[in-house]
Amino acid sequence: AAALSIPEGAGAMTMSLGGYLHICSVFVKLLNFDIRSSAADLNVALLDEAYGVLAGHTRMLGGVVDMLMCDNKGFKFKAVFGLFGSGGSQDAEVRGTLFALRALHRLKNQGINACAGVASGVAFCGAVY
């Protein structure tokens with residue numbers, strides 16, 4: 001990673017440059033959890049089980065867990081393959097797709113309904129200061 005300093009007149013900031021990588025992002029929507037129902041109806045144990053399955057398969061295939069989030073459309077899990085230090089980016093799409101297929105199969109076997117989307121391409125990966 002290289003550092004780039006921007007002159008004082010331009011706002012005086014320093015950026016730490018990472019690099020461009022070919023990455024694969026996988027989004028998994030968990031369908032068993034209706035967020036319109038009360039919090040008391042949320043099956044936390046089942047949600048925890050789903051997260052364990054997804055995080056375990058992500059790590060097993062050299063990916064990085066990005067987030068588990070909840071918005072007005074429900075719970076979504078995101079994993080990224082091909083980042084620095086996570087197994088390389090040459091086969092990121094293969095690992096991401098394999099993750100989606102394995103995770104959906106395992107979730108289904110445990111009674112958890114889900115769907116997945118896979119996206120890949122070149123992205124800038126690094127910290128900006």
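Interatomic distance, R106 CZ to K108 NZ, rounded to the nearest 0.5 Å: 15.5 Å. L68 CG to L47 CG: the interatomic distance, rounded to the nearest 0.5 Å, is 6.0 Å. Atoms CG and CG, on L46 and N32 in that order, are 5.5 Å from each other to the nearest 0.5 Å. One finds the NZ atom of K76 at 9.0 Å from the CE atom of M67 (value rounded to the nearest 0.5 Å). Between the CD atom in E49 and the CD atom in Q110 there is a gap of 4.0 Å [rounded to 0.5 Å]. Between I112 atom CD1 and L104 atom CG the span is 11.0 Å, to the nearest 0.5 Å.
Under the 4.5 Å side-chain contact rule for hydrophobic residues, M69 and L54 do not share a cluster. Linking Ile, Leu, Val, Met, Phe, Trp and Tyr whenever their side-chain heavy atoms come within less than 4.5 Å leaves F33 and F27 in two separate clusters.
The nearest pair of heavy atoms linking T58 to F99 is OG1-CE1, 3.2 Å. The two residues S25 and V80 come nearest to each other via the heavy atoms OG-CG2, 4.0 Å. In terms of heavy-atom proximity, V26 sits nearest to G96 at CG2-O, 3.5 Å. Nearest heavy atoms, A114 versus V28: CB-CG1, 4.0 Å. Looking at every heavy atom in both residues, L61 comes nearest to R102 through CD2-NH1, 3.7 Å. Taking each heavy atom of C24 and A92 in turn, the nearest pair found is CB-O, 3.4 Å.
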| field | From CA spacing to verdict: side chain to side chain contact (heavy atoms under 4.5 Å, CB included), F75, L42 | value | CA-CA 11 Å; F75 284 93; L42 178 64; 4.0 Å; yes
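Residues F77 and V65 are in side-chain contact: their nearest non-hydrogen atoms beyond the backbone lie under 4.5 Å apart.
The side chain to side chain contact (heavy atoms under 4.5 Å, CB included) test with H105 is passed by exactly one of L107, N109, L101: N109.
Ring pair Y20/F124 is perpendicular by interplanar angle, where above 60° counts as perpendicular and below 30° as parallel.
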